[in-house]
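A short write-up of the structure that comes next.
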Amino acid sequence: MSLVLLRTALAASTLLSALPALAQHERMSVVANGEKVGFVDADQQGRQVTIQYDVKNNGRGPTMRETIELGADGLPVRWNLDGKATFGGDVHESFARDDKTAHWRDSMGERSAPVSGTGLYIGQNASPWALGVYARALLKRPDGTLSALPGGQLAIEKLGPATIGTGKYQAYAISGIDLSPELILLDAEGGLFAVLETGGAVVREGHEAEVPALARLATDLTAKRYAALQQRFAHRIDAPVRIRNVRVFDPASGRLGDPASVIFANGRITGVQPLDAPASPGEATIDGNGGTLLPGLHDMHAHIGLESAMLYIAAGVTSVRDMGNDNSFLPGLIREIDTGEVAGPRIVPNGFLEGRSPYSARTGIVADSEGAAIDAVRWYAARGYWQIKVYNSMNPAWVPAIAREAHRLGMGVTGHIPAFTNADAMIAAGYDEVTHINQLMLGWVLDPKEDTRTPLRLTAMRRTAGLDLASPQVRKTVDTMVAGHIAHDPTAVTLELLMLSRDGTPSPSVADYIDHLPIGLQRRRRQAIAPIAGPADDVAYQGGFAKVKELLKLLHDRGILLLPGTDDQTGLSVHRELEIYGEAGIPIPEVLRLGTLAPEQYMGRDQELGSIARGKRADFLLLPGDPTKDLRELHRIAMVVKDGTIYFPSEIYPAFGVKPFAAAPRITQPATAPKPMGSGPAHDAMDEFLF
């Protein structure tokens, strides 16, 4: 889901702009994976601007109309945004200001605030055209910053010149609204030429052929940012490190050990010793202060980018399975993480395989025939991809051949349930795993003729509220999964976000920590995603998600392996995924096993990873409290170690606009050891911000 669509639609609160007061007409194209999936049409007559914004990628996307009146300062004084959001929800947003007061209405309701000087409003559902307004307003400020409404502060950073085709532009980063800065190109007159993405771009119409160059530029600029962050935040100590006074969680037994010391050196755990065992000369020491040492967490449903890689580390996620990505981008990211150029989890890549239709997701490989699909399997196998992930528009009749070839080449098969079939048929066709719990459940409530390439694969979850999990059709599927050892990747947190988000209230998926998030993300997480036509829809979605939890417990009780994944990029959502399993009734120690050791056993790496023991890789996180009593403790990570490199989330999070959850422990260095790579003690870096 983390494609140009999601960055320009679900994250649209970062997109603002303005143009000089004159008559002109502009069109921009939204391009993903080499294909045009939408447009922005902006018509300006003096200070009046009318914008049409439409994106359709992966069967979904916003359809918006904006009318803007610009003030003398080039910023909106009137702004109305109406239309449909990404999943079809109604949008009626407005903003107005005068010399003293600003009034606005968004998903959080109606509010107002006094205006002193510039009133810079962040459109919650704004189109990409708006970025130019913000850029020019920020560039007029001596320090490149402006306070914004409804909160936060925007900043602009000049990244340098860029030549694209025959044109020359300036690259900038605008930060302060969301987790990562927006990268844009302005032309010589200050007009918005492109919004950069690693997998595509929003670009001025007529320049679609330049998108590959724009994507490369985005990758290069982003890589430089995260390489610099790695230099600041990665602490490498050329000496054994002893973490004293910690209790080690053993996922195999589900028990928390007595206070002990854990020692690691050269990326490996060299001992789990009694607390009173003496240290050897030349060791560095970290005081665990009685906290818990937990093996590194996993996200078994990721679509990772440079932006999310470091966020995963801050959230204690040291391994992910990438379920589909830009095939020209992902291998390079894996290399950069493996060599230590950028921070990120170790990545197991899956090959994304889609069929051609008007609803196709533009990522991975899109096949037009069974032969092309089999060729794609061979392409992925030759490059070391672990599984094939089948997607919505794949012809179900081709899946048996896809699965046979994947299995012949040593790969597994997982994925969505393609349109016009069900999980039973795809398991029979060769699936080793089913991804997304809604994909499993839809076969029990849909007519076979209904099209799940559309947002129906979300909205039909209303029908599951009355589903009888003891019914023959449910029993048949579950029995088949048990007999065939079919695993399941539920992404329950994403279903919770989609089904239970409501305008004006924090989504349950982030409610425990929403105040820690940047203002743009806070607003999105207080916005309905599924269309709610009335009280009946509300009740149906609530009941449907309750049924999701019941099914999670049933699957676990029947011995079906649950693989915790999120389909999100914040890292923090992994914690909520595990919390949902606990709320479903799965015992907490078992939930922690599912999040740590079980994925490594599934992927055949448990001799190296998944638990804390002598000889294994130094992958773990330090929590001040006890997660076996309350899974919400997972948010409060004080330290993360991956392959022996130490990271402090309290240093990392401020660079993403996130308020830290826990203080960093103190490192006592041996007298002869060199200073660790990074900026020093945790408090040094917390006052810095790259962009």
Side-chain angles (χ1 to χ4, degrees), residues 230-250 256-297 310 313-318 340 343 596 609 611-627 633-654 660-686:
Q230 172 78 327
Q231 290 292 319
R232 290 170 58 191
F233 300 145
H235 299 262
R236 300 187 181 105
I237 299 177
D238 189 18
V241 179
R242 178 177 295 264
I243 309 173
R244 292 194 71 260
N245 191 18
V246 288
R247 302 179 70 192
V248 175
F249 176 75
D250 175 21
L256 201 60
D258 294 330
S261 293
V262 174
I263 304 94
F264 64 95
N266 301 316
R268 296 276 178 175
I269 298 167
T270 56
V272 180
Q273 300 179 359
L275 187 57
D276 59 0
S280 65
E283 292 180 1
T285 303
I286 296 173
D287 186 358
N289 200 31
T292 300
L293 218 59
L294 190 73
L297 298 171
M310 182 168 276
I313 291 297
V317 179
T318 57
T596 56
L609 296 158
S611 60
I612 298 170
R614 178 177 169 84
K616 286 197 168 185
R617 291 186 179 274
D619 273 41
F620 45 75
L621 51 135
L622 175 64
L623 299 165
D626 182 355
E633 180 68 20
L634 291 173
H635 298 315
R636 299 200 318 121
I637 299 173
M639 180 179 72
V640 179
V641 177
K642 188 237 173 180
D643 278 333
T645 299
I646 299 169
Y647 298 90
F648 299 129
S650 60
E651 289 184 346
I652 295 172
Y653 276 135
F661 297 85
R666 182 178 296 277
I667 300 177
T668 301
Q669 302 249 16
T672 57
K675 180 181 171 71
M677 175 180 162
S679 62
H683 65 270
D684 290 345
M686 289 179 65

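Quantities reported herein were computed from a predicted structural model and do not represent experimental measurements. Excluded from the calculations below are hydrogen atoms, water molecules and symmetry mates; all remaining heavy atoms, backbone and side chain alike, are included. Numbers for residues simply follow the sequence, beginning at 1.
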Open item on the list: Quick check for you: to the nearest 0.5 Å, what is the distance between Thr668 atom OG1 and Arg244 atom CZ?
Closed with: 10.5 Å

Task: Test log, rule side-chain contact (heavy atoms from CB on, under 4.5 Å), inputs Lys616 and Phe264 - done: CA-CA 10 Å; Lys616 286 197 168 185; Phe264 64 95; over 6 Å; no

Open item on the list: Rounded to the nearest 0.5 Å, what separates atom CG in Leu623 from atom NE2 in His635?
Closed with: 11.0 Å

Open item on the list: Is any side-chain heavy atom of Pro665 closer than 4.5 Å to one of Leu622?
Closed with: yes

TODO: Quick one: do His235 and Glu651 satisfy side-chain contact (heavy atoms from CB on, under 4.5 Å)? Show the steps, please.
DONE: CA-CA 11 Å; His235 299 262; Glu651 289 184 346; 3.0 Å; yes

Open item on the list: Just verifying a value: how many Å separate Leu609 CG and Thr318 OG1, rounded to the nearest 0.5 Å?
Closed with: 7.0 Å

Open item on the list: Donor-acceptor check, side chain of Arg247 to backbone of Gly257, threshold 3.5 angstrom: yes or no?
Closed with: yes

Open item on the list: So, taking the atom named CD1 in Ile269 and the one named CG in Leu293, what distance separates them when rounded to the nearest 0.5 Å?
Closed with: 8.0 Å

TODO: Over all heavy atoms of both residues, which pair between Thr292 and Asp626 is shortest? Give the atoms and the distance, please.
DONE: OG1-CA, 3.7 Å

Open item on the list: Tell me which pairs pass side-chain hydrogen bond (donor to acceptor under 3.5 Å, both in side chains) where either residue lies in residues 275-287, with sequence neighbours left out.
Closed with: Arg242-Glu283, Ser280-Glu283

Task: Pairwise distance CD1(Ile243) to CD1(Ile646) - rounded to 0.5 angstrom - done: 7.0 Å

Task: Under the ring pair (Phe, Tyr, Trp, His ring centres under 6.0 Å) test, residues paired with Phe249 that sit two or more places apart - done: none

TODO: Check whether any side-chain N or O of Asp619 sits under 3.5 Å from a backbone N or O of Asp643 as a donor-acceptor pair, and report yes or no.
DONE: yes

TODO: Report yes if the side chains of Pro649 and Pro660 come closer than 4.5 Å at any heavy-atom pair, otherwise no.
DONE: no

Task: Inter-residue atom distance Leu621.CG - Leu634.CG, 0.5 Å rounding - done: 7.5 Å

Open item on the list: Can you give me the closest heavy-atom contact between Ala662 and Ser650, atom names plus distance?
Closed with: O-CB, 3.5 Å

TODO: Any chance you could lay out the side-chain contact (heavy atoms from CB on, under 4.5 Å) test for Arg268 and Arg617, step after step, and finish with the verdict?
DONE: CA-CA 4 Å; Arg268 296 276 178 175; Arg617 291 186 179 274; 3.9 Å; yes

TODO: Check step by step if side-chain contact (heavy atoms from CB on, under 4.5 Å) holds for Thr596 and Leu297.
DONE: CA-CA 5 Å; Thr596 56; Leu297 298 171; 4.0 Å; yes

